[in-house]
Every structure is written in C-alpha cells, then in structure tokens.
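To start, the structure under review is shown below, and the notes come after it.
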Amino acid sequence: MWRRGGQVSTERTRCGEPRATDAGKWMVIYGWVDRRRDHGGLIFLDIRDTSGIVQVVVNPATAPSVHDALQNVRLEWVVRIEGELRLRDAKNINQNRETGEVELHATACSVLSQAKTPPFPVNEDSEVDEKLRLQYRYLDLRRTRLQRTLKARAGFINGLREAMNEQNFVEIETPMMVRATPEGARDYLVPSRVFPGSVYALPQSPQIYKQLCMVAGFDRYFQMAHCMRDEDLRADRQPEFTQLDIEMSFVDEDDVFAALERTIAYAWHKSGFRGSIPTPFPRLTHADSMRRFGADKPDTRFGMELCDLTEVARTSGFRVFAEAVAKSGMVKALCVKSGADMHRTHIEGELTDVVKGLGAKGLAYLWNTADGWQGHIVKFFSEADLSAIGDICGATVGDAVLMVADRSSVVSAALGALRNHLGRQLHLYDPERIDILWVTDFPLFEQDEATGQVSPTHHPFTQIHPDDIDRLDSEPLSVRSRAYDIVINGREVGSGSIRITDPVMQRRVFRAIGIDDDEAQRKFGFLLDAFEYGVPPHGGFAAGIDRLVMEGLGEENIRDVVAFPKNQQAQELMTMAPAPVDDSQLKELGIQLRRPRA
RNA sequence: GGCCCCGUGGUGUAGCUGGCCUAACACGUCGCCCUGUCACGGCGAAGAUCGUCGGUUCGAAUCCGAUCGGGGUCGCCA
C-alpha cells in the first residue's frame, strides 16, 4: 500500500492500460524495459508487460534519486516504477501507441531483476534462427508475436468450451496412461514399476474411452484432449497435440455436423480469427474430391480442377498414354489459364520434379497458342484429339494443359500436389481467404500397395455406409464408410465417424482386416463386452486445435502456435528432452536399455 | 530410410562465376556526449580464422567430398 497526492492504490496498473482519462492519477507499473532513450539528462523508458507498453519519464531535476537508480538500467530488466500519469504536450503524442497520449513521471522505482543481453532481440519481431528461438523459448514467448498467438489460441479454446457447454456437452477427462493397441500410430510407452515388463501407452486419442462414455450414458461428451503419436513430424504435425474431442449418442451425421459447425464457427468468430466461415459447411464426397482435386483434403480456394482425358488417351497415337490406359490406368490433366507463356524449363524442371516426387513417370504438356497446339508431344495427336482435349479441359488460346498418365492413385497424388503447387506459385487465391468443408463417405478400408494388407481408413469402429454393406465380403475396397473429415484450405483439421454398435457387424469388419474373433476379444474385449450392456448408437469427431489455430492466424508452422514445441526430431531444445536417466531409475522399472553403439 | 533447401561477429543479411575479403552493412553490445524522445541522436570501440573435417589450387567464405546441426517433403501418421 502506498499513498501519494491524496489517492490511494494497492493495485498494479498494467502497462497497456493508461489513457488520457487517467491523467493525474498516481500509479505503480511493473514490467520489462522494452527500450531506453537516454538524453543525458532526461531518460525515457518504455516499460512492457503482456498488456502493452507505456512510456516512463525520468527527470533528474525533479527525481534525482530515481534518475540515479535507473541510470544503468538495460533492456529486459524487470522494474517497478511509481509515479504520476500526465498528459503529454500535443506535439509529443505518439499516435502509434494505445498509451501514446500519456506518460508516467517516475517518482520512485526499484529494479526487481537484472537481465543478461538476450541472444536475440526481444523487443521486435525480427526473423531469428528457429533453433535459437526454441532454445530460449521463454524469450521468444516474450515477444509480441507469440504473446498474441497464444492469447488468440486461448481465446479460441475458450470459445470452443463455451459453445460445447452451451450445447450441453459434458467435459470428461480420460486417462493419459492407457493400454497400448498395436493398430494405428507408434505408441509412446511408459514402463510400469509395479509390473516389471509391462507398460502403459500414452493415448493416441481417447477413442475407446469416449465410446465407453456413451455406453455410460453421457450422451454428449467433449474434452480438450492431448494425444501423442510417435511418428515423424511435419510442418503441421507435432508428436503431441490437442484435439477438441467429441462424442454424441442418438445421432447421425447431420447432428454431429451441426454441433461442430456451430462450435467452430462460434469460437472462430469470437476469437477474431481471419476470414469468416459459413454454416453449414459445404460438403463434398471423398470420391468427388479425389476426382476433382486429386486429394482427400482439397484446397477449394481456387479452381483448376482435374480434367479426365482417359477416353481421348485410350485411342490416341501417344503410346505412353494409350498403354497407361490399357493397364487400367488413367490420364488426367490440369488446365493452367494463361499458362501458354510458362517456360518449358519451368515445366520440365520444377513442375516435373513435383509430380515425379509423387511417383509419376513424367509430366506431359501442351500449349494452346494462337498458332494452334504446340508442345513436345503434339505430333502424336490428331486434330480431333487436340480439340477434344481443349474441350474437356476448357483450354482456350493462351492456356497450357499439364498431363499425367498412370495408375489412378499416382495420377491423383501427382496432379493434386501439382495443383497445390501451382495454386501457391501462381497466386490463384486470396491468401486471407478461409475455405472450410466436410469431406464425407471415405472408403472404409485402404490397401497397402506393398504388402496388400487391408486396414481401416479411419479406425475399425467406423460404421459401413448402409448402401455398401452387401459388398463388404466381395469387394471390401469399394465399400464406403460413415467417416468424415473437416478440411480448411487444403489442410485436414479433424475427422470422425458414426460408430459400429452391432457386435455382429463389428466382427465382420474385424475379420475383413484380418482380426479373428479371438484376437478381437483379446484386444478390444473391454469395448465389445461393454456393448453387451446396452449401447446407444453414437458417433463423434476430433478436431485438431493446433491446426485450426494455424489457419485462423495464418501461421504456416505448427510450432508457431504451440507454447513449447518440439523440433523435427521430436526434441525439446530448451530442456533437451528426451534425455538419458539414471540406471537406478531404469532398474526400478525392471528395464534395461540397448544403447546404440557410440 | 529416400529426396530437396539452409548454416558468415550476439541477431539479421551482403559477399559465394576463387585473389581487390586484412570479410561489408544494419541492429545489438561497450565507452563518451546529449533535458522531449518514442526504431531518439552524435562520436568512438570491441566483436566472425565464414558449422566441422578433409580435398582441389600458388591462393578457398567462395569449387569438390564427407560429416554435424536446422528446416521442408515422400514413406509414416488406425
């Protein structure tokens, strides 16, 4: 408690708060020195806390002791300043700062903490080597960029939670140490001290538990769930991440979709994320998405959809195409508007590398020019073929047509990637635009091309599309499921499904992926048993919060929306985890490590 | 595991078709000066053997190879 000028306050004023209307008040601020401007006599200090920055004036004539005390203050020192807030003269107002009309005239101060010179500038958002930023994450987090990001993230999560509560969802925490399941991603394991040789796993998702919550009668469950998967990282993938996990009873797709649309749209707009998202979200079937965009997570911010040239190619004189079709492959193309001026070296170099990287053997191209069709393969096509290609692709004079011939999976992957590449390179969309949609009717199974092994596309508890049940045994790979994804700007941000609750059907699906009844009982017996005691029909969803925040803020890397992220090798560079432990700890757990040879 | 990109004082960049580099610029740091600045200003100083190792060459930051570190991507992520 302190007294001055008749006003009494025991409260800290946050640096971003003082306004002209507060002029004349005595206040105390705490914060970090953002900048100092020392005029020999007068010293100006910008003091920063998480709310903003305020200017402090230190006048040697009126407060000599304070001037002495702050003479040697450096950037990032932590200080307490007490003084009178005064209006600035009109000519000294700083328009660029919320607190720019006022300044605090210091009458007392103390240095709470000194600071070494930071390894990179904290008071500006300059580019800094990410290794350094991760190593000194607490300093990076102090910068305005990450301060803003983490606050926006918190606001978004608050919005999600509000919307969930408002819709009568019950927040339930599920265990972090669970039973390992061999399916799915690699598990992070936690050895048991009490049962030497046995381990827990960290959850890849709370899937089983949330379904058991449905059996338990909580008909609307949600959780901000942490999930861990020991797989290689990507720009949008961390080994641990956060999902808005949802499960609902007595529902179909429309109910799940409506709940999520309402929730995401509410939180999105409330937290001031960029763009705007419509409800309901558009829907696209998986088959249509693959056909039109070559991807199960299409970027619908721009057109340039895939064109099917298989029928032209079948009878064309271009043997590469005809043979691909004969081997039950296909030929598809992208029409690049005004692409006739694309340089040949660009197509044959960079663009060809893109499709080759996805398994295509090459990239064929034709230019539609004022002098007719041109390109390395034009001689293999009749006038009728060329005109058909032009019609199918909508390629008018000035356009280029880029073609890939191969198996359907390769064609889709190659052209899907090429389409994204060109979309970015040719600026085919507004970077601030947000496109959100459902992709529905995913295939129930997918097949490993190397081993032929069939596995669930989503997970083994996903219900079969009712129209496809009779093909489950005869043509399993053609069977659709009741699984769905949410996609934003070409990024998958969540997935879910309506679940199987019929034990007979569940056994059939297990058998289709090579799990017999005994094995099913062994691995998932607790779930199957639970379903014997009155299971409601149910379905749900898991939305990746990190990725939603990325899109909402326009960040291109997941590490920039996570407080303490890991690098590409899943190391945390600040604490240097993972790290070896004492032998005594291992001994207690009954385990011995096989260390790599030095 | 494959492929691609990057690595120069504390930070960010320039140089990188070999010699003029005894490595430049900005910010930061240190010292001196400065009472109305706000990316304050002025003067001065220190600070990098160019990730590491090896090779080519009369000569390497620059060319080649290996290696380490970081990133992107394919595989992987039920």
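Below, chains carry the letters A, B, ... as their sequence lines are ordered, and counting in each starts from 1.
Taking only distance into account, the side chain of E103(A) meets the base of G36(B) through a donor-acceptor pair shorter than 3.5 Å. For Q569(A) against G70(B), a side-chain-to-base donor-acceptor contact under 3.5 Å is absent.
Note on R237(A) versus D546(A): no salt bridge recorded, every NZ/NE/NH1/NH2 to OD/OE distance being 4.0 Å or above. Between E240(A) and K566(A), at least one side-chain N (NZ, or NE/NH1/NH2) sits under 4.0 Å from a carboxylate O, which counts as a salt bridge. Salt bridge status for E253(A) with R482(A): present, with a side-chain N to carboxylate O gap under 4.0 Å. With respect to R86(A) and E103(A), no salt bridge is recorded, no charged nitrogen being found less than 4.0 Å from a carboxylate O.
In this structure, G10(B) and C27(B) make a Watson-Crick or G-U wobble pair, each of the two defining distances being under 3.5 angstrom. In this structure A46(B) sits in no base pair that meets the Watson-Crick or G-U test at under 3.5 Å. Nucleotide C63(B) forms a Watson-Crick or G-U wobble pair with G55(B), both donor-acceptor distances falling under 3.5 Å.
C21(B) sits 12 Å from U8(B) when the C1' atoms are compared, rounded to a whole Å. Annotation: G15(B) and G9(B) have their P atoms spaced 16 Å apart (nearest Å). Using P as the reference atom, G28(B) and G41(B) are 8 Å apart when rounded to the nearest Å. A distance of about 13 Å separates the P atoms of A61(B) and U17(B), rounded to the whole Å. When the P atom is compared between G69(B) and U56(B), the two are found 27 Å apart, to the nearest whole Å. Distance noted for atom P between C32(B) and A39(B): 26 Å (whole Å). G54(B) sits 26 Å from G2(B) when the C1' atoms are compared, rounded to a whole Å. Taking atom C1' on both U22(B) and C63(B), the two are 23 Å apart, rounded to the nearest angstrom.
For E231(A), whose side chain is taken as the heavy atoms from C-beta onward, the closest listed nucleotide among U35(B), C77(B), U37(B) is C77(B). Out of U73(B), G1(B), A78(B), the shortest distance to the side chain of D232(A) is found at G1(B). Residue K131(A) has its side chain nearest to G69(B) when only G69(B), U37(B), U73(B) are considered. The side chain of R237(A) has G75(B) as its nearest neighbour among G36(B), G72(B), G75(B). Comparing atom distances between the R559(A) side chain and each of U29(B), G71(B), C74(B) picks out G71(B) as nearest.
Inter-residue side-chain proximity for N59(A) and I43(A) is flagged as unmet; no heavy-atom pair is nearer than 4.5 Å.
In this structure, CD of E446(A) is placed 11 Å from P of G75(B), rounded to the nearest angstrom. For the pair R36(A) CZ and G28(B) C1', the interatomic distance rounds to 14 Å; values are reported in whole Å. The interatomic distance linking L233(A) (CG) with U73(B) (C1') rounds to 13 Å, in whole Å. In this entry the distance linking CD of Q71(A) with C1' of G31(B) reads 13 Å, nearest Å. Straight-line distance from the CG atom of D34(A) to the P atom of G28(B): 12 Å, rounded to whole Å. Atom CE in M576(A) sits roughly 10 Å away from atom P in G69(B) (whole-Å rounding). Rounded to whole Å, atom C1' of U37(B) lies 5 Å from atom CZ of R37(A). Residue R97(A) contributes atom CZ, which lies 11 Å from atom C1' of U37(B) at whole-angstrom precision.
Ranked by how close their nearest RNA chain B nucleotide is to the 5' end, R186(A) and R74(A) are led by R74(A). Heavy-atom distances to RNA chain B give each of E127(A) and Q207(A) a nearest nucleotide, and the one nearer the 5′ end belongs to E127(A).
Residue-level contact check: Q571(A) touches the backbone only, with heavy atoms under 4.0 Å from sugar-phosphate atoms and none from bases. Among the heavy atoms of the strands lying under 4.0 Å from D38(A) is at least one base atom, whether or not backbone atoms are also near. Using a 4.0 Å heavy-atom distance criterion, D129(A) is classed as a sugar-phosphate-only contact. No engagement by T181(A) is indicated, since no non-hydrogen atom pair under 4.0 Å with the nucleic acid exists. Residue I513(A) is classed as having no contact, given no heavy-atom separation below 4.0 Å to the nucleic acid. Nucleic acid contact class of R88(A) (heavy atoms, under 4.0 Å, all strands): base.
In summary, the aromatic rings of H39(A) and F44(A) are positioned with their centroids under 6.0 Å apart.
For the pair R229(A) and A78(B), the criterion of a side-chain N or O lying under 4.0 Å from OP1 or OP2 is met. Remark: N59(A) is not in phosphate contact with U35(B), judged by side-chain N or O atoms under 4.0 Å from OP1 or OP2. OP1 or OP2 of G72(B) lies within a sub-4.0 Å distance of a side-chain N or O belonging to N557(A).
In summary, the side chains of R499(A) and H459(A) do present a donor paired with an acceptor at a separation below 3.5 Å, with no hydrogens or angles considered.
In this structure, F44(A) packs face-to-face on the six-membered ring of U37(B), meeting both the 5.5 Å centre cutoff and the 30° plane limit. A stacked arrangement is assigned to H39(A) and the six-membered base ring of C40(B), with a centre-to-centre distance below 5.5 Å and an interplanar angle below 30°.
A 6.0 Å sphere centred on CZ of R179(A) holds no more than 12 heavy atoms belonging to other residues, nucleotides or ligands.
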